[in-house]
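To start, the structure under review is shown below, and the notes come after it.
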Number of protein chains: 2
Amino acid sequence: MTPRKTVQQELTKEMIMDAARDLFSEKGYQHVSMRQIAKELGYSHGALYYHFKNKAELFYALVENHFSMLNTVLDQIMKKEMEPREKLREIFTGFIQFGLTYQSHYEIMFLIKDEEVRNFMNEEPNHTYEKFAKSVYSLCEKNVSIQDVWSIFLSLHGFVTHYCRHVVGYEDVKGLAEAHANFLLRAIL
Amino acid sequence: MTPRKTVQQELTKEMIMDAARDLFSEKGYQHVSMRQIAKELGYSHGALYYHFKNKAELFYALVENHFSMLNTVLDQIMKKEMEPREKLREIFTGFIQFGLTYQSHYEIMFLIKDEEVRNFMNEEPNHTYEKFAKSVYSLCEKNVSIQDVWSIFLSLHGFVTHYCRHVVGYEDVKGLAEAHANFLLRAIL
DNA sequence: GATATATTTAACCAGTGGTCAATAAAAGGA
DNA sequence: TCCTTTTATTGACCACTGGTTAAATATATC
């Protein structure tokens, strides 16, 4: 019985979130239990509840930053000095790269069906999409419709979703991702 | 104790499969239990096990035909007398319609990450994709690459996946689906 | 030493897939 | 018609998982 560990090995929110992240990547959100997360950390499951009110709150803490990460990716690309066409390509591959690099994040952000979890995310998805859409739209000038931008998003989403399911990293499909980006570019130019 | 139901109707595999289908559409594979299915039917869960060895077998019985259903959809479109371009459009919207009409099927066919479930499907996904790819390829003549066909598939997949998540029927997004199809057509013509 | 803090442990509760003896209804013969 | 056999259904039961909570207790802080 060791009802409290020494300070150096005390559990933190960050530790829990890191472990949770890893497990989600590996097994998917649905198949990770609080007990598993605790076991991974070498703590009892009860300890998690000291740091997070419940499972949903833990998930929300995780997902909260994921959208701003993606926003940052988009911002950084938009800042670059580059031809519009190249920039578009970068946005497309950048989106895919984000999705496949942070698969568990992506899953939670865009793939989870669970109502309970999704109710935690309010406007983040819309906000991030707005940023994406504005960027794409501004780089295409007038030969593209709002509809088209949405189609592009869905098409990228399809790419990420498929390869998420088969758990490969971005590097494994870099060539395919670029081809996909080119394919989409062809539709709008 | 009423160890057997009076008159009424006896349970059949079809009844079970119908109820299961509905529940899967609604809640997804993981969140439907044998007990829920039984309850929906007004029988005890034990009765299900008289008709199906276990949950997996029930799912497989369900999914088994889904691929051939999609194959049939593709075949029927290919049989039609139509301009290639229109046929392509029909294939695209037909795929989406299938995905959104049989969301639970689609989910199992193309979206489930669960190893246990996926091990049930052997070559069906590949076979169905082959049929899709051959059809599309033959309708495009030479101005399209194998890569492009794959991109089309992923793009349609993205559409279905997204709207599956938000549980809407095909009718609710028919206009969007057609726009998406047109978008994809533009990329290859 | 007292108090706040962090952790474990055990337990609760609801739910799961799955098994099976008991049993009533239906079917088939005589 | 009665009797047997087959068939389909039930509900108790098992072993398990998962989220959550509360009491107990060891450490840290003052």
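Scope of the values below: all heavy atoms of this structure, side chains included, with no hydrogens, waters or symmetry mates. The sequence lines fix the lettering, A, B, ..., with proteins before strands; numbering per chain opens at 1.
Distances shorter than 4.0 Å separate none of the side-chain N or O atoms of Q36(B) from OP1 or OP2 on dG15(C). Contact annotation: K5(A) does not reach the phosphate of dT7(C) (side-chain N/O to OP1 or OP2, under 4.0 Å). The side chain of K53(B) places no N or O atom within less than 4.0 Å of a non-bridging phosphate oxygen (OP1 or OP2) of dG18(C).
A salt bridge links R89(A) with E86(A); the closest basic N to acidic carboxylate O contact falls under 4.0 Å.
The base of dG15(C) has none of its N or O atoms less than 3.5 Å from a complementary donor or acceptor on the side chain of R35(B). Scanning atom types as modelled, one donor and one acceptor separated by under 3.5 angstrom connect the side chain of H45(A) and the base of dT20(D).
Other residues, nucleotides and ligands contribute only 12 or fewer heavy atoms inside 6.0 Å of the OH atom of Y102(A).
When the nucleotides dG18(D), dT9(D), dG17(C) are ranked by their closest atom to the side chain of Y49(B), dG17(C) comes out on top. Considering only side-chain atoms of H51(B), the nucleotide from dT9(D), dT7(C), dG19(D) that sits closest is dT9(D). Side chain of Y43(B), nearest nucleotide from dT10(D), dG17(C), dT20(D): dT10(D).
Side-chain polar atoms of S145(B) and D148(B) form a donor-acceptor pair below 3.5 angstrom.
Within the nucleic acid shown, S33(A) comes within 4.0 Å of sugar-phosphate atoms alone, with no base atom in reach, counting heavy atoms only.
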